[in-house]
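Everything below concerns the one structure shown next.
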Amino acid sequence: MRPRDRARRPVRRTARRCSENAVTARMQRQGVLYDTSKRIEILVGEAGLRYPICAPETMSAQLDRIGSLIGMSTVRFGILPLNRRMPYMPMHGYTLFDGLALVENITAEIRIRDEDEVATYHTLTDRLWNVAAEGDDARAILSSLRP
């Protein structure tokens, strides 16, 4: 979920110039959020939302965009609050698809397809959802983050 100017930022860092095609591709990928045949779950740590990685006005727009996900019928959105005890400490971010866990680190993208390993990621994610703030609680956290 990125406003157009925020979507340019990763491109600047890696390519030193903005590729409009890359920005457009990032924006088009967000279309899946409105596909009623899909259900998307987005779970983020509050700490990650607090890092000031862009100008305050851009960050504010990003938080507004993230907040617009709350209540969408196609999206389950949650925040892992800093003041709640975590059932475990995630060592890295990951994305889950049907039968695939995608782990990205600084130098590589790891595609995990082993059923038992993917099931472990799903089990751990379910445990995190148990402590996540959703709905109005998530909105309150986002409001507290506004610059």
Side-chain angles (χ1 to χ4, degrees), residues 1-15 18-112 118-147:
M1 287 297 305
R2 295 181 174 146
R4 192 164 190 81
D5 58 339
R6 171 72 177 93
R8 284 188 176 94
R9 196 165 177 85
V11 175
R12 282 191 196 124
R13 286 185 180 162
T14 59
C18 183
S19 163
E20 196 60 36
N21 290 339
V23 172
T24 299
R26 278 193 179 87
M27 298 306 291
Q28 287 174 340
R29 282 195 298 265
Q30 292 180 25
V32 72
L33 298 171
Y34 306 97
D35 183 343
T36 57
S37 69
K38 302 199 183 315
R39 173 96 168 131
I40 307 297
E41 294 187 355
I42 301 171
L43 185 59
V44 298
E46 180 181 348
L49 295 172
R50 288 185 172 278
Y51 290 120
I53 59 172
C54 52
E57 62 276 2
T58 303
M59 194 65 182
S60 184
Q62 176 74 359
L63 293 171
D64 287 342
R65 183 100 167 110
I66 290 170
S68 73
L69 297 173
I70 299 170
M72 287 180 63
S73 63
T74 56
V75 177
R76 180 182 185 192
F77 178 78
I79 299 173
L80 297 171
L82 289 172
N83 65 352
R84 290 202 188 146
R85 185 174 177 169
M86 293 293 109
Y88 78 100
M89 187 61 187
M91 301 307 292
H92 53 77
Y94 55 92
T95 304
L96 293 175
F97 301 95
D98 295 331
L100 173 69
L102 180 65
V103 177
E104 293 184 47
N105 63 30
I106 294 171
T107 61
E109 178 180 274
I110 304 162
R111 294 174 178 266
I112 301 170
V118 173
T120 298
Y121 277 92
H122 280 283
T123 298
L124 293 174
T125 301
D126 289 342
R127 290 177 61 197
L128 290 173
W129 274 112
N130 287 333
V131 297
E134 296 182 69
D136 289 339
D137 292 338
R139 275 190 191 91
I141 292 171
L142 291 174
S143 292
S144 75
L145 299 174
R146 297 261 183 315

[atom1]-[atom2] distance between [X] and [Y], expressed to the nearest 0.5 angstrom:
{"X": "Asn130", "Y": "Met86", "atom1": "CG", "atom2": "CE", "value": "11.0 Å"}
{"X": "Leu69", "Y": "Arg76", "atom1": "CG", "atom2": "CZ", "value": "14.0 Å"}
{"X": "Leu82", "Y": "Ile141", "atom1": "CG", "atom2": "CD1", "value": "8.0 Å"}
{"X": "Leu145", "Y": "Leu63", "atom1": "CG", "atom2": "CG", "value": "5.5 Å"}
{"X": "Trp129", "Y": "Leu80", "atom1": "CH2", "atom2": "CG", "value": "8.0 Å"}
{"X": "Glu41", "Y": "Thr95", "atom1": "CD", "atom2": "OG1", "value": "12.5 Å"}

* Asked: Does the side-chain contact (heavy atoms from CB on, under 4.5 Å) test come out yes or no for Thr125 and His122, once each step is laid out?
  -> CA-CA 5 Å; Thr125 301; His122 280 283; 5.6 Å; no
Side-chain contact, heavy-atom cut-off 4.5 Å: [X] with [Y]?
{"X": "Ile66", "Y": "Leu49", "value": "yes"}
{"X": "Pro90", "Y": "Leu128", "value": "yes"}
{"X": "Glu109", "Y": "Leu102", "value": "yes"}
{"X": "Asn105", "Y": "His92", "value": "no"}
{"X": "Thr120", "Y": "Leu124", "value": "yes"}
{"X": "Tyr121", "Y": "Val103", "value": "yes"}

* **Shortest non-hydrogen separation from Leu96 to Ala101 and the atoms involved** =>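 Shortest heavy-atom separation between Leu96 and Ala101 comes out as CD2-CB, 3.7 Å.
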* Grab the two heavy atoms, one from Leu43 and one from Ala132, that are nearest each other, plus how far apart they are. =>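 Of all heavy-atom pairs spanning Leu43 and Ala132, the closest is CD1-CB, 3.6 Å.
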* Does Glu104 have any side chain to side chain donor-acceptor pair (under 3.5 Å) partners at least two apart in sequence or in another chain, and if so, which? -> none
* Structure fact -> Residues at least two apart in sequence or cross-chain that pass side chain to side chain donor-acceptor pair (under 3.5 Å) with Ser144, listed by chain then number, are none
* Test Phe77 against Val44 for side-chain contact (heavy atoms from CB on, under 4.5 Å), laying out the working first. => CA-CA 8 Å; Phe77 178 78; Val44 298; 4.0 Å; yes
* Scan residues 42-56 for pairs that pass side-chain hydrogen bond (donor to acceptor under 3.5 Å, both in side chains), counting only residues two or more places apart or in two chains. =>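 Matches after skipping sequence neighbours: Glu46-Arg50.
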For the pair [X] (side chain) and [Y] (backbone), establish whether a donor and an acceptor sit closer than 3.5 Å, ignoring hydrogens and angles.
{"X": "Arg127", "Y": "Thr123", "answer": "no"}
{"X": "Ser60", "Y": "Glu57", "answer": "no"}
{"X": "Thr74", "Y": "Leu33", "answer": "yes"}

